[in-house]
Number of protein chains: 2
Amino acid sequence: MPRNPTSYVILGLLSIHPNLSGYVMRKAVQGSIGYFWAESYGQIYPALKRLTREGLIAKSGGESNGRRPRQEYVLTEAGRRCLREWLAVPFHDEPPKNEFLLKLFFAREAAPGVAAAHLRDFEERNRRMLDTLNNIEASVPTARPSNPHQPYWLLTLGFGKALTAAALAWSESARAELTAAKPSAAPSIRPPKKRVAKKTASSRKHVVGKH
Amino acid sequence: MPRNPTSYVILGLLSIHPNLSGYVMRKAVQGSIGYFWAESYGQIYPALKRLTREGLIAKSGGESNGRRPRQEYVLTEAGRRCLREWLAVPFHDEPPKNEFLLKLFFAREAAPGVAAAHLRDFEERNRRMLDTLNNIEASVPTARPSNPHQPYWLLTLGFGKALTAAALAWSESARAELTAAKPSAAPSIRPPKKRVAKKTASSRKHVVGKH
DNA sequence: TGGGTCATGTAATAGGTTACATGATTGC
DNA sequence: GCAATCATGTAACCTATTACATGACCCA
């Protein structure tokens, strides 16, 4: 019986830390794997119900400290087995849909300045993201014992940093290229000295836009 | 009236090259923006129908050279306006869901070797991707006139190359870190000289896995 | 008393994949 | 003849977001 990604996120979180409620799972996703994953309540709560019904997780007494009592969950043995099996099967990577790149690709049709604006926006967001990731890194204890999951967390964090930094570097050079290549709206006679002029290129058999 | 991303992809493609059929649109997506976007026939054909009904595109005589006649489409003026408007609104970037990173993050629960296997797999896929992108780049004419969309294509291609290269570099160092950090299954007494030992770290307020 | 956050959930809708059906043509 | 590719489309299903409903507690 195939299960959706949300289910595995839940199983994974419970494998790291028992007794989580739907609410804190959502928060945990945002706070730890938010760089490459997202879950909404509309996904989590139904999944919790289903997983309970199927015996992969079980309700554990929700501690109600003054507040509304939280329904908490723990992994069952079946749940742990299920998680392990899923972890072992090869991942599939569909191309991540990137609306920013989509708009950039079609940007010739846009009003002048639109592409540059998106690029600035992109750059800014990456700058903030890199900041966030660095803060996370700084908040991690470098101390010896730590916890057994930490090596893997460090790897994903490192990935986030590396890719964000690369995106940032690219967007800076892209901005330069763009302003250099587009001095006026009608570049027909000698586009005045491209400054950056990095040799990049594009496009395969290109059904669309044969050159 | 809000439209789905697929619609804008169609409008965008037709803005670059008129007279495309659903079939070649799919191919064009794979061949040009496949690095960061995907569309299935199940999305494209209904979208074509709807866009035609709404007057954003129109059927253009499908040329039937021996084969089954293809239904081709062109942009209408309303379609072009609609595309322009969409291009101008800020993009929203949801975190791209990355199953590889998800499995890596939870990998402590997996059987030994699983994380390393995924990493090798990831590395290999990125290597192939970089190859593909380089081939695309090589096939682009460096000649002067070219076509007006090319600067934007070059930017997205450059992005793909930069990010893939960064992912590749990361995965190589990650593999080294992983093998260094995990000599046996129970690293409790002095994990023998980590070789790479790049200072990375992880995790924010971390509801899950407080250290 | 009003806004923020804690906390759980449902319903409507949108977005997207997969499998299937159909049939022609090309190349081995 | 058979497999692959061209080419269009539909139906069933899964995935996911958004808005909404509910209510308590905290703090200013």
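Residue numbering restarts at 1 for every chain, and letters A, B, ... go by the order of the sequence lines. Values reported hereafter were calculated over all heavy atoms of this structure, with side chains retained and with hydrogens, waters and symmetry mates removed.
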Return the value, rounded to whole Å, for the distance between atom [atom1] of [X] and atom [atom2] of [N].
{"X": "B:Gln43", "N": "D:dA16", "atom1": "CD", "atom2": "C1'", "answer": "13 Å"}
{"X": "A:Asn4", "N": "D:dT17", "atom1": "CG", "atom2": "C1'", "answer": "14 Å"}
{"X": "B:Glu39", "N": "C:dA14", "atom1": "CD", "atom2": "C1'", "answer": "14 Å"}
{"X": "B:Arg50", "N": "C:dG16", "atom1": "CZ", "atom2": "P", "answer": "13 Å"}
{"X": "B:Lys97", "N": "D:dT15", "atom1": "NZ", "atom2": "C1'", "answer": "8 Å"}
{"X": "B:Glu99", "N": "C:dT17", "atom1": "CD", "atom2": "P", "answer": "14 Å"}
{"X": "B:Arg26", "N": "C:dG16", "atom1": "CZ", "atom2": "P", "answer": "14 Å"}
{"X": "A:Ile44", "N": "C:dA7", "atom1": "CD1", "atom2": "C1'", "answer": "12 Å"}

Problem set entry | Proximal nucleotide (of C:dT17, D:dT17, D:dA7) relative to the B:Tyr23 side chain |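 Nearest nucleotide to the side chain: D:dA7.
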Problem set entry | Nearest listed nucleotide, side chain of A:Lys27, among D:dA16, C:dC6, C:dG16 |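 Nearest to the side-chain atoms of A:Lys27, counting from C-beta on, is C:dC6.
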Problem set entry | Global bending angle along the helix from C:dT1-D:dA28 to C:dC28-D:dG1, which compares the axes of five pairs at either end, to 10 degrees |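 Axis angle across the helix from C:dT1-D:dA28 to C:dC28-D:dG1, nearest 10°: 30°.
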Exercise. Would you say the side chains of B:Asn19 and B:Ser60 form a donor-acceptor pair under 3.5 Å?
Worked result: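 On atom types as modelled, these side chains qualify, holding a pair under 3.5 Å.
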Listed partners of [X] passing side-chain hydrogen bond (donor to acceptor under 3.5 Å, both in side chains), at least two apart:
{"X": "B:Glu109", "value": "A:Arg80, A:Arg84"}
{"X": "B:Arg175", "value": "B:Glu123"}
{"X": "B:Arg128", "value": "B:Glu124"}
{"X": "B:Trp37", "value": "B:Glu39"}

Partners meeting salt bridge (charged side-chain N to carboxylate O under 4.0 Å, His left out) with [X] (sequence neighbours left out):
{"X": "A:Glu99", "answer": "none"}
{"X": "B:Glu172", "answer": "B:Arg127"}
{"X": "B:Asp121", "answer": "B:Arg125"}
{"X": "A:Arg81", "answer": "none"}

For this session: Verify the contact: side-chain N or O of A:Ser40 to OP1 or OP2 of D:dA16, cut-off strictly under 4.0 Å; return yes or no.
Result: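 The answer is no; no side-chain N or O of A:Ser40 sits under 4.0 Å from OP1 or OP2.
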For this session: Apply side chain to side chain contact (heavy atoms under 4.5 Å, CB included) to B:Ser21 and list each qualifying residue two or more places apart in sequence or on a separate chain.
Result: B:Tyr23, B:Val24, B:Arg70, B:Glu72
Problem set entry | Test ring-ring contact (aromatic ring centres under 6.0 Å, His included) applied to A:Phe105 and B:Phe159, B:Trp153, B:Phe91, the passing residue |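 Among B:Phe159, B:Trp153, B:Phe91, the one meeting ring-ring contact (aromatic ring centres under 6.0 Å, His included) with A:Phe105 is B:Trp153.
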Exercise. For DNA chain D, whose closest nucleotide is more 5', that of A:Ala38 or that of B:Ser21?
Worked result: B:Ser21
Atom pairs under 3.5 Å, N or O on each side, protein against nucleotides 9-12 of chain C: can you list them with distances?
residue : atom : partner : partner atom : Å
C:dT10  : OP1  : A:Lys49 : NZ           : 2.8

Exercise. Under a 4.0 Å N-O cut-off, is there an ion pair linking A:Glu94 with B:Lys97?
Worked result: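 Between B:Lys97 and A:Glu94 there is no salt bridge, as every charged N stays at least 4.0 Å from the carboxylate O atoms.
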Exercise. Does any residue of residues 84-96 of chain B have a heavy atom under 4.0 Å from DNA chain D, and if so, which ones, in number order?
Worked result: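 Listed by number, there are none.
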